[in-house]
Amino acid sequence: MPDIVFIRGLRLETCIGIHAWEQQTRRPVILDLEMASDVARAAASDQIGDALDYAAVTACLTEIVTQNQHQLVETLAEQCAAQVMRKFGVTWLRLRVNKPGAVGDGVDVGVVIERGGLE
Ligand SMILES: Nc1nc2c(c(=O)[nH]1)N=C([C@H](O)[C@@H](O)CO)CN2
């Protein structure tokens, strides 16, 4: 199992859904992301430049989610995963996109995707 840098419970507002009214209504989605990263390399230098900067990844995810609208959570998940892998050179990640309350109060629904290979 690789070392992991994670972001858990990232709550962002977006327009997402298959119904017309959902395209006019901003609502929360919650992202949980695990990314393979060489933690030992960053620890050896103690320099952020050698680390997978979770603040930078958070800013990237925030822009994608809040500046775009989608019908499906699958589409949002794929877009986020592809951009994180492309922009930060992440080789493996697992992303959960949760659309809380979409089918009823207190019920979580969404997707979990895993992309890339474990080295
Ligand atoms: N697999 C999915 N099923 C559903 C989605 C989705 O994004 N992926 N979306 C909806 C509706 O937008 C629902 O969230 C609100 O009525 C239904 N099923």
Side-chain angles (χ1 to χ4, degrees):
M1 188 64 190
D3 299 336
I4 298 291
V5 170
F6 70 86
I7 299 165
R8 194 166 294 152
L10 179 58
R11 186 182 182 95
L12 299 169
E13 298 284 328
T14 189
C15 289
I16 188 164
I18 63 174
H19 304 297
W21 61 268
E22 294 185 279
Q23 295 298 318
Q24 280 81 42
T25 311
R26 295 181 74 80
R27 63 179 309 144
V29 294
I30 302 171
L31 275 56
D32 299 321
L33 178 62
E34 294 180 343
M35 301 166 284
S37 180
D38 185 347
V39 170
R41 178 169 177 263
S45 69
D46 200 25
Q47 298 296 311
I48 188 65
D50 291 321
L52 175 53
D53 182 350
Y54 49 68
V57 175
T58 297
C60 174
L61 293 172
T62 300
E63 180 174 359
I64 295 169
V65 175
T66 63
Q67 301 305 309
N68 295 284
Q69 62 185 56
H70 304 85
Q71 293 201 58
L72 300 176
V73 291
E74 287 89 342
T75 313
L76 177 58
E78 286 293 345
Q79 193 173 6
C80 289
Q83 183 66 357
V84 166
M85 296 181 85
R86 181 169 46 244
K87 187 170 182 176
F88 298 96
V90 168
T91 58
W92 176 90
L93 61 78
R94 179 183 287 120
L95 174 62
R96 181 180 188 259
V97 177
N98 176 7
K99 190 177 175 182
V103 299
D105 290 344
V107 178
D108 288 340
V109 291
V111 294
V112 179
I113 64 171
E114 183 174 315
R115 296 292 179 264
L118 291 178
E119 292 172 355

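Just so you know, these numbers use all the heavy atoms, side chains as well, and skip hydrogens, waters and symmetry mates. Each ligand, and each atom within it, is numbered from 1 in the order the structure gives. Starting from 1, each residue takes its place in the sequence as its number.
At a heavy-atom cutoff of 4.0 Å, ligand 1 is surrounded by Gly17, Ile18, His19, Glu22, Gln71, Leu72, Val73, Glu74, Lys99, Ala102.
Side-chain heavy atoms closer than 4.5 Å link hydrophobic residues (I, L, V, M, F, W, Y) into clusters, and following such links, even through other members, never connects Ile30 to Leu10.
Distance CD1/Ile16 to OG1/Thr25: 13.0 Å, rounded to 0.5 Å.
Residue pairs meeting the side-chain hydrogen bond (donor to acceptor under 3.5 Å, both in side chains) criterion with at least one partner in residues 94-107, sequence neighbours excluded, are Glu22-Lys99, Asp32-Arg96, Glu34-Arg94, Arg94-Glu114, Asn98-Asp108.
A 6.0 Å sphere centred on CZ of Phe88 holds more than 12 heavy atoms belonging to other residues, nucleotides or ligands. At most 12 heavy atoms of other shown residues, nucleotides or ligands fall within 6.0 angstrom of atom CD in Glu63.
When atom types are taken as modelled, the side chain of Arg115 and the backbone of Glu78 share no donor-acceptor pair closer than 3.5 angstrom.
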